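Data block below; observations after.
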Amino acid sequence: QEYTIGVSIPAATHGWTGGVNYHAEEAKERLEALYPDIEITISTAGTPGEQANDLEDLVSLRNIDALVVLPFESGPLTDPVRRVKESGVFVTVVDRGLTEEGIEDLYVAGNNHELGRVSGEYIRERLDGEGDIVVLRGIPTVIDDERVEGFQEAIEGSDVNILDMQHANWNRDDGFEVMQDYLSRFDNIDAVWAQDDDIALGVIEAVRQADREDELFIVGGAGMKDIIKRVMEGDELVPVDVLYPPAMIATAMDLTVQHFVSNGPVLGKYILGSPLITEENAEQYYFPDSPF
Amino acid sequence: MSSVMANNKTADKQIAKQKGFAIDLKTWGPFVALVVLALLGVLINPAFLGLDNLSNMLTRSAFIGIIAIGATFVITAGGLDLSVGSMAAFIAGVMIILMNSLVEQFGAGLTTVLFGVGASLLLGLCAGFINGVVTTKGKIEAFIVTLGTMGIYRSLVTYLADGGTLTLDWAVRDIYRPVYYASFLGITIPVWVFLAVAIIGYILLNYTRFGRYCFAIGSNEKVAEYSAIHVDRIKTMTYMLQGVCVALATIIYVPRLGSASGATGVLWELEAIAAVIIGGTMLKGGHGRIWGTVVGAIMLTMIGNILNLTDAISNYLNGTVQGAIIIVAVYLQRASWRKTGP
Amino acid sequence: MSSVMANNKTADKQIAKQKGFAIDLKTWGPFVALVVLALLGVLINPAFLGLDNLSNMLTRSAFIGIIAIGATFVITAGGLDLSVGSMAAFIAGVMIILMNSLVEQFGAGLTTVLFGVGASLLLGLCAGFINGVVTTKGKIEAFIVTLGTMGIYRSLVTYLADGGTLTLDWAVRDIYRPVYYASFLGITIPVWVFLAVAIIGYILLNYTRFGRYCFAIGSNEKVAEYSAIHVDRIKTMTYMLQGVCVALATIIYVPRLGSASGATGVLWELEAIAAVIIGGTMLKGGHGRIWGTVVGAIMLTMIGNILNLTDAISNYLNGTVQGAIIIVAVYLQRASWRKTGP
Amino acid sequence: MLLSARKLCRSFGANQVLFDVDLDLQAGEVHALLGENGAGKSTLVKILAGYLPPTSGEVLVDGSQRHYRSSGEAEADGVVMIHQELALAEQLSVEENIFLGRELRRGMFLDRRAMREQSRATLEELETDVDPRARVKDLSTSDQQMVEIAKAITRDVRVLIMDEPTATLTENEVKVLFALINRLRQRDVAIVYISHKLREIEQIADRVTVLRDGYLVDSGPMAGRSKEELARLMVGREIHEMYPPRTQLAADAPVVLEARDIVVPGAVKQASFTLRRGEVLGFGGIVGAGRTALIEAVLGLRGKSAGQVLRNGQPVVLRNLRDAVHQRIAYLTEDRKGKGLVLNMDLRSNVTLLNLRAHCHPLIDRRLEEQAFQQAIQRFDIRLRTAVRTAAELSGGNQQKLLLAKVMSIDPEVVIINEPTRGIDVGTKHQIYHFIHELTEAGCSVILISSEMGELIGLSHRVAVMCAGVLTGVLEDEQINEQEIMQYASGIKGVGADEQRYG
Ligand SMILES: Nc1ncnc2c1ncn2[C@@H]1O[C@H](COP(=O)(O)OP(=O)(O)OP(=O)(O)O)[C@@H](O)[C@H]1O
Ligand SMILES: Nc1ncnc2c1ncn2[C@@H]1O[C@H](COP(=O)(O)OP(=O)(O)OP(=O)(O)O)[C@@H](O)[C@H]1O
Ligand SMILES: [Mg+2]
Ligand SMILES: [Mg+2]
């Protein structure tokens with residue numbers, strides 16, 4: 001019997017989603033080659049509304065048997081995913097959980113709260129619980145919120161002082177500009193939490209320009225190869241990274257395919273951690289061929 | 001002497017006949033482009049013609065369509081509104097907050113929803129009024145004013161949502177849900193609303209003084225003023241109408257996704273303006289066509305739908321195909337009537 | 001009728017002239033607004049006046065500024081170009097790929113960089129040419145054409161980058177880096193380029209036939225045609241000029257972060273157009289001011305800068321403040337010269 | 001006294017253009033307002049109709065003082081004005097323009113049928129063929145003028161101000177207009193009539209008021225005044241010899257321009273003509289006969305489906321006006337506002353726009369431009385009574401002169417002028433005729449398209465006449481008279497006459 005699996009992901013509008021796109025395409029090729037009976041179709045959306053459109057189209061035009069969805073945003077896509085589920089499709093949700101429980105058959109979760117917490121703990125530890133830091137946030141969404149929340153919890157009770165937080169929209173240029181302004185505004189910065197590796201790249205350039213590399217260190221997030229390489233090489237400026245792997249989409253696709261080709265059903269929850277990447281373990285997270 | 005008149009008249013008639021033909025194709029241009037596009041869809045995948053798919057597509061196009069109908073008025077009267085997308089997000093946000101808070105008082109019933117709907121319309125009206133008044137009384141270019149309010153509404157909704165998402169109470173959502181998903185006579189409610197707005201818009205634009213004044217103002221503000229038309233008032237009214245259209249679109253949007261955030265309605269303004277222009281309205285004002293706009297909106301949705309029909313094209317290239325189709329579609333419809341000219 | 005309108009206006013102006021400085025204020029309006037904004041900046045945080053900060057700000061404004069100078073020509077001649085942001089991303093992408101592949105042949109030397117720069121200019125020229133020809137020969141509204149090419153370039157760069165980011169070879173980057181970061185006489189290279197482009201643009205617009213023709217075409221295409229002006233050719237040339245400006249902006253942008261992706265240059269088109277209009281150019285064409293555009297671009301960057309210098313305002317409300325400041329700034333400069341009327 | 005003005009003054013900036021002007025209008029009279037270009041006629045009537053406020057002085061209607069803040073208020077008093085510069089919304093249809101601002105309604109909705117009926121009736125009264133549904137921008141200027149008139153007379157009018165209504169009309173249309181004016185006069189409507197055509201004034205005016213440089217120089221009944229006297233009052237000097245003698249053509253004068261079998265779809269059928277060195281070739285015909293279409297097709301401004309153009313005997317391809325300019329052919333359009341001048345540009349730039357190359361080396365030399373402009377002012381007698389910034393601020397006649405200056409800036413060998421004296425006062429007209437004479441004396445050739453019979457007869461060596469797209473004939477010597485031209489223009493005589501009558 002043949003199965004069609006629909007994959008719905010956000011369009012590659014910044015580094016991390018770009019990585020998601022890459023891994024999805026790669027998994028598609030790999031799985032289709034492996035299982036001739038499986039057909040995978042990927043659609044990308046630029047907004048939550050578009051993604052809801054894509055879900056409808058996957059059902060009505062492609063007659064999918066399973067859906068792997070990485071929701072643009074949890075709230076808006078809960079109902080559209082539920083409708084897909086109601087039409088009898090096997091549903092795998094990736095990364096951002098729906099706001100209603102029990103819709104999905106399979107949940108492959110990233111953990112944004114965890115990413116924030118791990119980052120916060122590292123900074124707290126590294127600064128010995130005392131110092132001035134700045135935070136560059138992402139696009140104002142739930143993901144950003146959860147990360148910041150986790151971060152704040154981790155540094156709570158210490159003397160780590162957040163000088164200011166601004167949105168840098170997970171974008172290099174914004175990261176660069178916001179950091180430039182932080183550097184002219186604050187005479188002393190001990191650490192930067194950039195939250196995302198795209199932002200971190202911009203921050204690095206701004207710090208380099210101001211010649212203040214020796215004064216501070218930067219913690220990004222996600223696991224972009226450029227940053228991991230720096231970590232691997234023992235860069236003082238970027239001593240660690242916190243993983244939030246875009247490859248989770250591939251994991252989810254693998255598991256979904258397993259559900260159809262293996263004997264037993266694959267159901268439940270697969271939570272991926274957000275481990276700290278350090279000089280010692282960086283090598284195992286380094287994929288030089290990935291675009292991310 | 002009388003033979004001269006006769007001569008001239010025949011000449012005129014011939015010219016008129018040619019013109020008549022040209023105008024027909026000019027009017028039908030967008031429809032022709034739509035049909036070509038639909039054929040393309042069927043060729044790529046017969047599922048395109050499935051009832052479900054057609055219904056989904058029309059229902060989707062309702063948001064942009066309704067907003068674009070408002071934009072037709074604004075643009076016809078020589079204005080521009082870039083704020084519609086974020087206005088929609090803002091209205092959706094306020095609506096959700098309001099309904100959520102009313103649940104305690106009125107329960108998750110019709111009253112709550114009606115309050116939400118009312119607030120939405122009122123908000124749209126006010127937002128449009130502000131755009132209009134600042135543009136006309138402040139004598140600031142519409143581009144700047146609405147670019148400003150675009151930023152303002154977008155950030156306000158982010159603020160209201162505290163950076164996250166505002167989600168409608170589940171109970172309310174259940175009774176509100178049919179507004180997007182239910183059908184009447186086999187046609188979904190949003191499509192009915194779209195149709196109603198289009199018909200009202202058509203009548204308003206072509207059969208009332210207001211519509212006529214929009215044309216006159218867009219064509220030449222000074223002449224309009226000399227004809228004792230309250231230019232500022234009419235222009236403000238077009239923005240208010242636009243606001244109401246945005247509110248209507250939001251009212252049928254909210255039950256679909258049941259939430260609002262900073263990402264709601266991003267780029268709707270460009271889509272709406274594109275729909276208007278694809279439909280044959282001129283960006284410089286003075287000429288507007290409601291049916292053209294309707295077709296334009298459907299065409300835009302259809303392009304997205306067609307791209308979902310096939311895997312032949314890399315997802316990364318969606319934008320390329322989309323852009324090319326828009327340009328070619330407009331070219332085809334322009335060309336089809338130009339050929340008949342002299 | 002328009003003569004009557006003009007009557008009133010000149011009357012105002014002349015009366016104002018008697019009082020002393022109306023026309024001056026019209027010209028200086030954007031500068032006044034800039035100064036007010038700068039004062040606000042100093043009040044909020046004295047660090048604003050730091051040499052580093054001023055230099056950073058000016059350097060940053062160079063991209064948008066250079067692009068906006070090109071846009072001034074396009075808009076003056078009655079056109080519009082929405083594709084500049086994604087064109088920049090696309091050019092940056094191709095440039096990076098090219099330079100990376102040339103490293104093998106030529107090594108990471110000046111040759112490689114020069115090839116990249118040359119390719120960038122060529123690409124900008126071609127992209128502008130395409131926009132221009134499709135608009136003029138295809139007789140399609142500029143809004144549609146450039147909306148289409150905007151989608152096309154954006155998706156092409158995403159495709160080239162395989163959804164990710166294109167990163168410049170580290171070795172090349174090291175020798176290319178000074179183009180953004182180095183200074184000459186205490187002023188960074190991008191600012192010098194900005195200044196040069198502004199001066200050339202000023203001369204081109206005000207002291208050459210090309211510039212004069214842009215004004216004429218933007219005012220009345222028919223008159224231009226009857227004045228033996230090749231309207232289509234000049235309009236196409238404005239788009240090509242815009243393309244070259246985008247290429248120049250890209251050339252100084254790439255060494256900044258050494259990368260390009262689908263997210264590069266998003267919304268630059270709106271910023272560029274806003275800069276042009278803040279500077280006093282009219283969106284309908286026929287009137288353009290290079291210095292106004294320069295000030296507009298700096299003003300936009302300054303607003304962002306000021307917002308980064310304070311935490312008095314919730315981050316979520318940045319957009320609100322930004323929008324409000326833009327509207328008020330334009331209002332002030334418009335008002336400052338209107339006040340002197342009767 | 002229906003309407004009177006007392007001591008009206010008006011300044012633009014530091015320059016006063018009206019000085020203590022009085023005017024009295026009685027019901028049922030036609031009051032002619034005369035004056036040179038720039039004398040202040042349009043300014044005066046704009047004040048009366050509420051488009052401009054006076055600097056000082058007052059306007060009385062029915063004896064009580066009025067301070068109009070907008071034209072709408074004046075219209076409520078029954079004071080309606082037909083602008084010298086057309087005030088129509090170009091993209092709207094004729095009927096939409098006629099009823100703009102006071103649409104008829106049934107309930108909430110427009111009563112389109114009633115409006116169309118009434119527009120049609122009014123247009124019929126004006127005996128014009130204009131289709132009420134046609135877009136105004138597709139109409140010829142004369143048809144637009146008729147629409148403008150129709151728009152005015154459908155209002156409740158007690159005082160009708162007409163600012164050069166006949167500048168773009170044909171003789172026939174003028175007759176119709178005069179019949180209409182007579183009917184209005186019987187209905188006790190007061191009419192202010194501005195025109196530079198003294199023959200018309202003689203025919204229709206009851207009283208005249210003459211302005212010179214903003215001062216009222218004479219006012220009184222028309223009876224007992226002659227054209228010549230009026231001309232003298234306006235210009236301040238005697239005008240003899242309206243038309244200069246024709247340049248003697250050498251028998252072997254070479255053909256400098258030839259058009260063969262030009263066909264313009266929908267406008268011109270197979271027309272051919274030749275133009276010789278030193279010659280004035282007139283083009284006659286009623287408006288819409290296709291003269292403009294033919295000439296513009298020759299110049300590459302419109303598409304033609306067949307035909308050939310020869311310059312000095314050599315076939316040339318003129319794809320656009322620049323090609324024509326390279327061939328030293330200059331063209332003055334009949335539509336000075338829509339095609340001639342960039343209204344919101346300053347005067348200098350307008351004058352040099354066509355020949356900007358000559359003022360560049362390689363940058364535009366503002367001083368050279370200024371020089372060229374000063375020369376133009378001299379040569380074409382442009383009167384600048386106020387500090388004018390843009391072309392839109394010039395009086396109608398001075399705009400025409402500015403346009404002439406622009407066109408002549410390329411130093412042409414062949415000059416094609418389309419309605420050159422539209423809206424121009426007698427004195428200047430006289431100058432322009434002499435200017436044409438100078439051109440031909442200097443070896444240039446002129447094509448003169450004109451709806452003014454006198455001009456054609458007085459200046460042309462030959463007159464080509466067109467009728468409904470057919471060039472019916474080219475008249476020479478004693479053939480050139482009013483009757484003959486009319487017969488060719490109406491297709492009674494000449495090529496294709498039969499086919500037209502019976503075909
Ligand atoms: N808005 C204005 N600004 C400056 N000067 C003006 C303005 N309007 C008119 N003028 C000047 O006022 C004078 C009178 O102009 P007006 O239009 O009344 O002349 P006119 O008698 O109607 O001439 P014509 O016969 O050429 O139409 C002219 O010198 C003109 O340049
Ligand atoms: N833009 C147009 N579209 C369609 N028909 C036109 C257009 N312009 C002119 N015509 C038609 O072409 C014919 C010739 O018009 P044209 O303006 O050349 O006449 P003309 O004899 O030159 O008049 P005038 O005396 O005003 O110069 C007319 O029948 C007119 O209706
Ligand atoms: Mg006048
Ligand atoms: Mg004509």
Side-chain angles (χ1 to χ4, degrees), chain A residues 9 11-26 44 46 134-135 137 140 144 148 162-187 197-198 201-202 204-206 208-210 224-226 229 246 289-292, chain C residues 44-57 59-60 63 151 154-155 157-167 170 173 177 180-182 188 253 255-268 301 304-319:
Chain A
I9 50 180
T13 50
H14 55 92
W16 192 79
T17 46
V20 170
N21 273 260
Y22 170 80
H23 287 289
E25 292 286 348
E26 209 200 36
T44 60
V134 290
V135 174
R137 306 181 58 164
D144 172 67
V148 173
I162 298 180
L163 293 168
D164 193 16
M165 295 204 256
Q166 295 279 354
H167 290 280
N169 307 317
W170 295 319
N171 178 302
R172 294 174 191 211
D173 289 311
D174 292 353
F176 179 79
E177 294 183 359
V178 171
M179 193 61 204
Q180 264 194 340
D181 291 345
Y182 278 157
L183 288 167
S184 40
R185 199 172 138 196
F186 302 114
D187 289 332
D197 289 343
D198 261 315
L201 279 174
I204 291 171
E205 288 302 332
R208 257 179 89 186
Q209 184 201 18
M224 177 188 288
K225 66 177 179 192
D226 292 347
K229 186 148 170 270
D289 293 335
S290 157
F292 180 69
Chain C
I44 285 180
N45 192 335
F48 176 82
L49 269 193
L51 222 71
D52 272 2
N53 189 51
L54 289 181
S55 166
N56 283 345
M57 209 173 55
T59 311
R60 268 183 228 164
F63 309 140
R154 173 107 17 240
S155 84
V157 70
T158 313
Y159 180 72
L160 289 180
D162 225 350
T165 307
L166 290 161
T167 308
W170 282 102
R173 197 159 162 206
R177 208 168 167 269
Y180 185 84
Y181 291 101
T188 60
Y253 169 81
R256 176 160 115 175
L257 299 180
S259 65
S261 70
T264 304
V266 169
L267 291 188
W268 281 10
T301 319
N305 182 249
I306 291 177
L307 286 173
N308 278 342
L309 289 181
T310 171
D311 42 16
I313 302 155
S314 158
N315 273 318
Y316 301 140
L317 289 179
N318 272 0

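Protein chains get the first letters and strands the later ones, always in sequence-line order, with residue 1 at the start of each. These values consider heavy atoms only, across backbone and side chains, with no hydrogens, waters or symmetry-generated copies. As the structure is a computational prediction, the values presented were derived from the model and not from experiment.
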**Asked** Roughly how far apart are Asp52(C) CG and Leu183(A) CG, rounded to 0.5 Å?
**Response** 9.0 Å

**Prompt:** OH of Tyr180(C) to CD of Glu205(A): how many Å apart, nearest 0.5 Å?
**Reply:** 10.0 Å

**Prompt:** Does Tyr159(C) OH have over 12 foreign heavy atoms under 6.0 Å away?
**Reply:** no

**Asked** With respect to chain A, which residue among Ser261(C), Ser259(C), Pro46(C) yields the maximal number of heavy-atom pairs within a distance under 4.5 Å?
**Response** Ser259(C)

**Request:** Specify which of Ala47(C), Gly258(C), Ala263(C) makes the most heavy-atom pairs with chain A at under 4.5 Å.
**Result:** Ala263(C)

**Prompt:** With only heavy atoms counted, which part of Asn45(C) is less than 4.5 Å from chain A, the side chain, the backbone, both or neither?
**Reply:** side chain

**Fill in**
d(Arg172(A) CZ, Leu257(C) CG) to nearest 0.5 Å is 7.0 Å

**Complete:** Those residues at least two apart in sequence (or on a different chain) that pass side chain to side chain donor-acceptor pair (under 3.5 Å) with Thr188(C) are Thr59(C)

**Asked** side-chain contact (heavy atoms from CB on, under 4.5 Å) between Asp173(A) and Arg256(C): does it pass, once the steps are laid out?
**Response** CA-CA 9 Å; Asp173(A) 289 311; Arg256(C) 176 160 115 175; 3.2 Å; yes

**Asked** If you measure from CG on Asn308(C) to CE on Met179(A), what distance do you get to the nearest 0.5 Å?
**Response** 11.5 Å

**Asked** Between Asp181(A) and Asn305(C), does any side-chain donor sit less than 3.5 Å from a side-chain acceptor?
**Response** yes

**Request:** Can you see which heavy atom on Leu309(C) is nearest to which on Arg185(A), and at what distance?
**Result:** O-NE, 3.2 Å

